[in-house]
Number of protein chains: 2
Amino acid sequence: MFIKLHRNAEELIRLSGGRATVGRIRILSILLAEQQAITHREIEQRLPQTLQLDRVTLYRALEWLAGKNLIHKVTSDDRVWRYHANRELHSHQQHAHFKCTRCAQVICLSDLPIERSWPLPIGYRFQEIELTVKGLCADCS
Amino acid sequence: MFIKLHRNAEELIRLSGGRATVGRIRILSILLAEQQAITHREIEQRLPQTLQLDRVTLYRALEWLAGKNLIHKVTSDDRVWRYHANRELHSHQQHAHFKCTRCAQVICLSDLPIERSWPLPIGYRFQEIELTVKGLCADCS
DNA sequence: AAATAAACGCAATAACGTTGCAATGATTTT
DNA sequence: AAAATCATTGCAACGTTATTGCGTTTATTT
Ligand SMILES: [Mn+2]
Ligand SMILES: [Mn+2]
Ligand SMILES: [Zn+2]
Ligand SMILES: [Zn+2]
């Protein structure tokens, strides 16, 4: 299972035209294995003891993966970025996220596509939308 | 005009059961005079030279005002809080915000009420929604 | 005017993320 | 297989936003 993700991750990285380093592969594998959007810290914790990366390296790898559209970043009111792998659905379609106000977990609401346009004042140009539903997750409610 | 806001601010503060300090009054006045949501820094800049408050005091005053529902905080992808006075419309109705991706200005889309509920996975409980439309403002587009 | 508790200012601290630069290592070329 | 190349890494320092502790000040009540 995880080995498969690992290979998949490596291929995705190569196809994006970047160097397939152990770090990048591992990070992307972790994100592919995860269903929720997780923080930099959480990714760090999921890295095996045998492969601890520097904080900075992790940040840079994530930035690179996001730039290649292999993952996306989710903003949040706690000022912490969360990262999530781009499944087929995600990559070219905007979607909403849910954040638990108690345990802070963030999930993708993949089945919640957002209309592309939105009524704005005159002269304003629409680019994208960021939507976070807040509440209690199943465990916390 | 501004003196009126000043009185209004003072009254709102007293009605909320807090001490009407010069700082709080001034801060709320500034937010009442502003149509966009502005940052801590921007509020600081709008304070008169004769009344420069400590950063911490400003943060605490804003927190207090938000707790009393006289203002609301807007989260953003630049990790900076923006603050906006609660007009009648705002206080009891959720609304969306717009952020310019070029000049970073944030405005309230007051006329864009959001449905109270939202379809969530089983077991999840809805509390509130945070919606930011991003794009270019009239000046930047 | 005195008493009281809330609010303030200052300094230190926390958290998240970024930048510069020399060392390393993945990939290509020979 | 070895050498060359340059993207990537690790480390240390830095930047920004926001928070906490604590002694002092001040708005409000008595
Ligand atoms: Mn997502
Ligand atoms: Mn608003
Ligand atoms: Zn939860
Ligand atoms: Zn703009």
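All of these numbers come straight from a predicted model, not from anything done at the bench. Throughout, protein chains are lettered first and strands after them, A, B, ... in sequence-line order, and every chain is numbered starting at 1.
What separates CZ of B/Arg19 from C1' of C/dA6 is a distance of 4 Å, to the nearest Å. The nearest whole Å value for the distance from the CG atom in A/Leu53 to the C1' atom in C/dG25 is 14 Å. With rounding to whole Å, B/Leu47 atom CG is found 12 Å from C/dC8 atom P. The interatomic distance linking A/Arg60 (CZ) with C/dC16 (C1') rounds to 15 Å, in whole Å. The distance from atom NZ of A/Lys68 to atom P of D/dA7 is 12 Å, rounded to the nearest whole Å. One atom, CG of A/Asp54, and another, C1' of D/dA13, lie 13 Å apart when rounded to the nearest Å. Residue B/Leu58 contributes atom CG, which lies 11 Å from atom P of D/dT19 at whole-angstrom precision. Separating the CD atom of A/Gln52 from the C1' atom of D/dG10 is a distance of 14 Å, rounded to the nearest angstrom.
B/Cys137 approaches B/Cys100 most closely through the heavy-atom pair N-SG, 3.4 Å.
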Legend entry - Worked verdict on B/Glu130 versus B/Thr75 for side chain to side chain donor-acceptor pair (under 3.5 Å): CA-CA 8 Å; B/Glu130 230 163 50; B/Thr75 185; 5.0 Å; no

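Residue order along DNA chain D, read from the 5' end via each residue's closest nucleotide, puts A/Gly17 first among A/Gly17 and B/Arg14. In terms of position along DNA chain C, the nucleotide closest to B/Thr21 lies nearer the 5' end than the nucleotide closest to the other residue of the pair B/Thr21 and B/Arg55. The nearest heavy atom of DNA chain D to A/Ala61 and to B/Val56 marks one nucleotide each, and the one closer to the 5' end goes with A/Ala61.
Using a 4.0 Å cut-off, some side-chain N or O of A/Arg24 falls inside it from OP1 or OP2 of D/dT8. Within the 4.0 Å cut-off from OP1 or OP2 of D/dT17, at least one side-chain nitrogen or oxygen of B/Arg41 is found. For A/Tyr59 and C/dG17, the shortest distance from a side-chain N or O to OP1 or OP2 is below 4.0 Å.
Between A/Glu34 and A/Arg46 there is a salt bridge, with a side-chain nitrogen of the basic residue lying less than 4.0 Å from a carboxylate oxygen of the acidic one. A salt bridge is absent between B/Arg82 and B/Glu42: the closest approach of a Lys/Arg side-chain nitrogen to an acidic carboxylate oxygen does not fall below 4.0 angstrom.
A/His40 and A/Tyr59 have parallel rings, their planes meeting at less than 30° on a 0 to 90° scale where 60° marks the start of perpendicular.
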